[in-house]
Amino acid sequence: MHKALYAAGLQCERRLWQLRHAPGRARPPEAGELERRAEGREIGRGAQRCYPGGVEVEERDFGAAHARTRVLLEDPNVPAIFEAAFEHGGVRVRADLLERLPDGRFGLREVKSAGALRPEHLDDLALQLWVLRGAGLALASAELWLVDATRPAEPGGIDWSQYFVRRDVLEEATFLAEDVAEQLDQQRAWLAGGEPERAPSPHCRAPRPCEFLEHCTAGLPEDWIGRLPGLRSAEYEALRERGVLTIAAIPDSFPLKPRQARARQAQRGDGLVVAPGLAEALAGSGPPAAYLDFEATSAARPIFPGTTPFQQVPFQWSLHRVDASGALAHAEFLAPAAGDPRRPFAESLLAELARDDSPIHVYSGYEARVLDSVAAAYPDLAAGLAALVARLVDLLEVVRDHVYASRFAGSFSIKRVAPALVPGFGYDDLDGIADGGRAALAIGALLRGTLDAQAEARVRAELRAYCARDTLALVELHRALRVLAERG
C-alpha cells in the first residue's frame, strides 16, 4: 500500500479497487493535470533549496531507498533528507522533507503546490506521521508548506525561503493518525473482495475528479440524477433514498432550484426549455456587438516580476465582431514569447475596442477579473480597462437563468452549450489545442522558452485557431439565443 492508494480509498472504495485491480479502465491524465504534477515537482525542488547541505534519496527502488534513508538518518552532518523512504504496517511512503532538529529529533515537512490548506492535505500528512512514527522515527513537528499566493516574484527570481507559508499541523495530523490503522484494515478488506458496488455520486469529483468516472457512469441513463446542474451531495442522497435514478422522475414535491427545475422539465418534454424573460435579458445586447475571449496562464510559480502565484497572466485575446448588417469580422492578439505580456495585451485590446461602445459578449466573469487584475498592475490603463468591463455582457448568466437543453448534461460549459444550441458547431476538428487546459499548458511552455522554433510555430497556430473558435462560439450562441427569444 502507498499513500496514493490510501487517498483513493478515503474518497471511494470503488476507485481504490479499480486502481489496484483494473487500472486500464482509467482515463488518461489530461494535459492540465500533467502540468500541475510537473509544477508540483518543481516547487518541491524549490523547497529543497531551503536546506543547504540537504541530501536527496535518489534511489527509485524502494528497498534501496529505504536502506539509503537509514544511512542518512544516522549521519548528524546531514541537516535534511529529501524523499526519505519509510515502511510500516505494509505501507510505504516517501517524505518530501525531513529536517534534523537540534535535539536529535526530526521535523516532517510536506510541500503542496496549493495556496490554501485542504482536508486531503491533512489526511496525507496523517498517514506519513503514522508510518514514520511506526518505523521508530522521533518526530517533534509536522508542517504543511503551502504557496504564499500574496507574495509577488522579485526581479531576480523566486526567493524560495519566502515562497512558502509554513503551518505546523502536528496536533491535527496526530488526531487523524489515530484512525489510520482502522482505515487501512477497511481498505485491505475492500481490495481482497470483489468490485464494490458504490454508485457514482458527487463524491466522484471531490477531493479530486476520479479517473474512473467515465467507466462508472457509462451504463447510467442519459438523464441520470448525477447530471442535474448544481447537484449537492445531500440532494443526491435524498433522491437516492427515494429510489429516484433519473432527472425526469424527480417528484414535483422535491425542492429544486430554478435551473434544476428547468432541467427536469427539459427531460420530461422535448429536451429544451426557455424560461420567460430571455428577450429582456438580451435587450440591448446587439448586434452590433463584439465577442471576446482570453487565454492566460496561472502558474503556482510566477514567471514575471510583480506577479503572484496563481495570478492569471493574459497572453492572448480573440475578438469577433458582428455589425448591424450581420457581417462578421475577426481580430486577435498573441503575445511574443519574450517579456511580460500584460501591457501589450491590454494596449492592443484597448486600441481594438476604442472604435465604438457596442456591447462585448463574454462567457463567465473571467474576462472581467483578468481586466481588473491588469488594471491594478498598470494604473495608467485602468480607466480604459474599467470602461471595457462596464460593456461586458455575460452570456453564461443569460443561459443559466433562462435556458436548459438536455444535451447540456448538467454542464453550462461553452463546450457543451454551444454545440447543444447550434447544430453542427463543435471543437472536434481542432488539431492539438482544443480546451483551456491545453491552451494554458502551451502558453506556459511559450513563456518559459521550452519549445524549439518549429514547435513554437505549431503551438501559436493552434492557439489562434482555438481562441478564435471560442469567440465564434459566442457569436453563434448569441444568435441562437436571439432566435429562441423571438419564438417566445
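These values consider heavy atoms only, across backbone and side chains, with no hydrogens, waters or symmetry-generated copies.
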Colleague: Taking only residues two or more places apart in sequence, or in another chain, which ones meet Asp96 in a side chain to side chain donor-acceptor pair (under 3.5 Å)?
Modeller: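 Asp96 satisfies side chain to side chain donor-acceptor pair (under 3.5 Å) with no residue once adjacent residues are dropped.
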Colleague: Can you list everything that forms a ring pair (Phe, Tyr, Trp, His ring centres under 6.0 Å) with His330? Sequence neighbours excluded, please.
Modeller: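 Counting only residues at least two positions away or on another chain, His330 forms a ring pair (Phe, Tyr, Trp, His ring centres under 6.0 Å) with His320.
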Colleague: Could you list the residues that satisfy ring pair (Phe, Tyr, Trp, His ring centres under 6.0 Å) with Tyr363, not counting sequence neighbours?
Modeller: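 Ring pair (Phe, Tyr, Trp, His ring centres under 6.0 Å) check on Tyr363 returns nothing, list empty.
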Colleague: Closer than 4.0 angstrom, basic N to acidic O: yes or no for Arg482 and Glu486?
Modeller: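 Judged by the 4.0 Å cut-off on N to carboxylate O distance, Arg482 and Glu486 do not form a salt bridge.
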Colleague: Has Arg240 got more than 12 heavy atoms of other residues, nucleotides or ligands less than 6.0 Å from its CZ?
Modeller: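 No, because the 6.0 Å sphere around CZ of Arg240 holds 12 heavy atoms or fewer from other groups.
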Colleague: Hey, is CZ on Arg166 packed in by over 12 heavy atoms from elsewhere, all under 6.0 Å?
Modeller: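 Counting neighbours around CZ of Arg166, more than 12 heavy atoms of other residues, nucleotides or ligands fall under 6.0 Å, so yes.
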Colleague: Got Tyr163 and Pro302 here, is their nearest side-chain heavy-atom distance under 4.5 Å?
Modeller: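 Side chain of Tyr163 against side chain of Pro302, heavy atoms only: contact under 4.5 Å found.
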Colleague: If you draw a 6.0 Å radius around CG in Asp380, do more than 12 non-hydrogen atoms from other residues or ligands fall strictly inside?
Modeller: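 Count over threshold, so yes.
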Colleague: List in chain and number order the residues that pass ring pair (Phe, Tyr, Trp, His ring centres under 6.0 Å) with Phe425, two or more places apart in sequence or in another chain; answer none if no residue qualifies.
Modeller: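 Here the qualifying residues are Tyr427.
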Colleague: Test of understanding: with salt bridge (Lys or Arg N to Asp or Glu O under 4.0 Å), list the residues that count as partners of Asp357, not counting sequence neighbours.
Modeller: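 By the salt bridge (Lys or Arg N to Asp or Glu O under 4.0 Å) rule, Asp357 matches no residue at all.
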Colleague: Classify the angle between the aromatic ring planes of Phe345 and Phe333 as parallel (below 30°), tilted (30 to 60°) or perpendicular (above 60°).
Modeller: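 Geometry flag for Phe333 against Phe345: perpendicular rings.
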Colleague: When you check the gap from the basic side-chain N to the acidic O, do Arg469 and Asp429 get nearer than 4.0 Å?
Modeller: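 Yes, Arg469 and Asp429 are salt-bridged.
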Colleague: For Asp452, which residues count as a side chain to side chain donor-acceptor pair (under 3.5 Å) partner, sequence neighbours excluded?
Modeller: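 For Asp452 there are no side chain to side chain donor-acceptor pair (under 3.5 Å) partners, ignoring immediate neighbours.
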Colleague: Salt-bridge test for Glu352 and Arg321: reply yes if a basic N is under 4.0 Å from a carboxylate O, no otherwise.
Modeller: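 The answer is yes: the pair qualifies as a salt bridge.
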